[in-house]
Amino acid sequence: MEFPPENGAIKSMVGFDEYMEIYAVRATYRVKSPANLDPQRTVPNMPWSNSTNASVGASNPIVARIVIQSVEALDNWPLRNGDPKTLKRHLHACKEEALICEAAYNRLKPHYDAAVQRVNEGKLTVQRNVIDCPTLLNIRDEAAAFLAAAKRALQSIGEIFNQFYVPDHQQPLVTNANFKFAITRLETLQPPNPQFLDYLRKVMPIIKRFVDLRNGIEHPHPHDVTVIQDFLITPNGIAAPYWDRGTRVSSGPLIEEMRVFLDFVVVFFEYVFFFGLLDNIATNLPLEMKPVPDPEIDPDCPIHYRLALILA
C-alpha cells in the first residue's frame, strides 16, 4: 500500500477486532483484509480495503498516548486479569470519543478567540443603544456532542478498570462512568494500592462534574437541566460562554473547561491503564511506568511513558 507522503511517516500499526489502524504522523488509516471483508470467502481474489479514518495521526497526543503508548506497553506480557483483545477495544473506543471532544473544541475555539479579541478591542457594533453581541454558532450542539463523547470516553476508561480489577464481573464495577465503584473495589483488594486510591479520590470531582453536565442534557428534568450559555450581555459587561446545572454543577467557563477535559482525559487514561497493567502483569520481574525524558519525546509520536525494569 502507498500512503500520501504529506501525512508523514508511518509511526505505528495496531490490529483490532476486524481491522488494522495505521498511524502516520498526520493521519490515521484503517485497513481491512480480504478475510474481514468477505469472511465467507464468496468472492475469489477479494481485495484489501484502505481508507483514511481520521485527519490526525501519531503526532496527536490522544492517538499517541491512549493507543500507541498503551499497545506498546501491553503487548508481550501475560496478564492475571484482563484480556488484551478486549483492552485494545476499549482503549480504541476511548481514543475515538476523545477525538470527538477535541473536534468540537477545535470548531469553537477559533471563533471564541476572535470574539474575545473583538470585545477586548472595543470593536462591537453599537446602533441606537443596541449592542451587537458576539455569538458562537452551534455552541449548544457542539457542547452537547462534547459532553456526550466525554462521558463515553470516561466509561471506556471504566471498562479498562473493570478488565483489570473486576474479573468476577460482579458489583462493585464501574458503570455510567461512576468511579466511586472503582474506589470501593480497590478498597477491598489485598494488598491495597494506596497510590491508585489516592489518585482516584483526587480526580473524582473532575469526573463527576463532566458526567453530571452530560446527564443534565441527556436526562433533563424541570429545574435540573444543563444550561449552555453563549456570550451574554450583563450589567458588568459581556460574559463569556459558560455551562452549569443549577445547584448540582456550578457555573464554569465552557471553552476553558473543554480544554481542561482534553488534557485530563489523556492523563486519567494513562493512570488507570498503567496502574492496572502493573498490578496484573503475571511476572515476577520488577517493572515501573517510566517517564520519557522531555528531550527524548518525539513530536511526531509524543509517547510519555514506557514500561521499564526497575534496576537495583
Side-chain angles (χ1 to χ4, degrees), residues 62 65-67 69-95 97-98 150-212 214-215 260-261 263-292 303-312:
I62 292 171
R65 295 169 63 183
I66 290 181
V67 176
Q69 170 177 270
S70 304
V71 172
E72 285 185 5
L74 178 63
D75 281 348
N76 302 319
W77 294 107
L79 300 176
R80 284 190 293 272
N81 296 316
D83 172 60
K85 187 175 181 180
T86 305
L87 287 164
K88 288 181 182 179
R89 187 183 310 139
H90 292 311
L91 65 87
H92 181 272
C94 182
K95 181 262 290 185
E97 300 300 341
K151 182 176 179 181
R152 292 192 297 265
L154 290 169
Q155 181 54 33
S156 294
I157 299 173
E159 295 297 344
I160 288 170
F161 177 91
N162 293 337
Q163 278 289 305
F164 284 131
Y165 294 103
V166 193
D168 56 6
H169 305 293
Q170 302 296 316
Q171 295 285 355
L173 77 167
V174 179
T175 57
N176 293 317
N178 189 341
F179 279 82
K180 74 178 183 180
F181 297 118
I183 293 173
T184 302
R185 173 70 65 161
L186 289 176
E187 288 173 338
T188 66
L189 295 182
Q190 294 298 327
N193 189 327
Q195 188 179 1
F196 194 9
L197 273 169
D198 289 346
Y199 175 75
L200 286 179
R201 293 185 182 116
K202 178 181 177 181
V203 302
M204 273 295 297
I206 302 173
I207 298 168
K208 188 174 186 302
R209 178 175 182 82
F210 285 97
V211 170
D212 283 346
R214 176 269 180 188
N215 290 344
V260 167
F261 179 82
D263 294 335
F264 169 76
V265 72
V266 173
V267 175
F268 182 52
F269 174 92
E270 288 174 328
Y271 269 80
V272 173
F273 178 83
F274 279 103
F275 269 123
L277 183 62
L278 289 171
D279 279 349
N280 285 283
I281 289 178
T283 176
N284 294 324
L285 293 173
L287 297 167
E288 64 179 345
M289 183 176 75
K290 189 172 183 179
V292 178
I303 287 173
H304 279 211
Y305 298 99
R306 287 192 173 94
L307 283 190
L309 287 171
I310 298 175
L311 302 177

### Task
Could you tell me whether a side-chain N or O of N162 sits under 3.5 Å from a main-chain N or O of L173, the two making a donor and an acceptor?
no
### Query
Say you draw a straight line from CD of E159 to CZ of R89; how long is it, rounded to the nearest 0.5 Å?
10.5 Å
#### Entry: D212: partners by side chain to side chain donor-acceptor pair (under 3.5 Å), with sequence neighbours left out
K208
### Qualifying residues under side-chain contact (heavy atoms from CB on, under 4.5 Å), relative to D83, sequence neighbours excluded
K85, T86, Q163
### Message
Taking the side chain as everything from C-beta on, heavy atoms only, tell me whether V211 gets closer than 4.5 Å to N178.
### Response
no
### Message
Minimum heavy-atom separation for H90 and S156, please, with both atom names.
### Response
O-CB, 3.6 Å
### Message
How close do N81 and P167 get, counting heavy atoms only, and between which atoms?
### Response
OD1-CB, 3.4 Å
Could you list the donor-acceptor pairs under 3.5 angstrom formed by side chains in residues 194-207, with sequence neighbours left out?
residue, atom, partner, partner atom, Å
R201, NH2, E187, OE2, 3.0

### Message
Going by salt bridge (Lys or Arg N to Asp or Glu O under 4.0 Å), name the pairs with one or both residues in residues 274-287, residues two or more places apart or in two chains.
### Response
none
#### Entry: Closest contact, heavy atoms only, I281 versus R80
O-NH1, 3.1 Å
### Query
Which atom pair, heavy atoms only, marks the closest approach of S70 to F269?
OG-CE2, 3.0 Å
### Query
Rounded to the nearest 0.5 Å, what separation is found between the SG atom of C94 and the CZ atom of R152?
11.5 Å
#### Entry: Side chain to side chain, L287 and I310, heavy atoms closer than 4.5 Å
no
### Task
Flag the pair F179 / F268 as yes when their ring centroid distance falls below 6.0 Å, and as no otherwise.
yes
### Task
Identify, with sequence neighbours excluded, every residue that meets salt bridge (Lys or Arg N to Asp or Glu O under 4.0 Å) alongside K88.
D75
## Note on the structure
Separation between OG1 (T188) and CD1 (I183), nearest 0.5 Å, reads 12.5 Å
### Message
Does any part of the side chain of F181, heavy atoms only, come nearer than 4.5 Å to the side chain of F161, both counted from C-beta?
### Response
no
### Message
Counting C-beta onward and ignoring hydrogens, is there a side-chain heavy-atom pair between R65 and V267 closer than 4.5 Å?
### Response
yes
### I160 side, atom CD1; F275 side, atom CZ - distance, nearest 0.5 Å
15.0 Å
### Task
For residues K151 and N215, report the shortest heavy-atom separation together with the two atoms involved.
NZ-OD1, 3.1 Å
### Task
Could you tell me the separation between the CE atom of M289 and the CD atom of E270, rounded to the nearest 0.5 Å?
7.0 Å
### Query
Shortest non-hydrogen contact from E288 to L309?
OE2-O, 4.3 Å
#### Entry: Contacts of type ring-ring contact (aromatic ring centres under 6.0 Å, His included), residue F261, not counting sequence neighbours
F146, F210
### Message
For R306, is there any backbone N or O sitting under 3.5 Å from a side-chain donor or acceptor partner on E72?
### Response
no
### Nearest-0.5 Å distance, CD1 of residue I66 to NE2 of residue H92
11.0 Å
#### Entry: Close side-chain approach of I157 to V174, heavy-atom, < 4.5 Å
no
### Message
Can you confirm whether L307 sits close enough to L277 that some side-chain heavy atom of one is under 4.5 Å from a side-chain heavy atom of the other?
### Response
yes
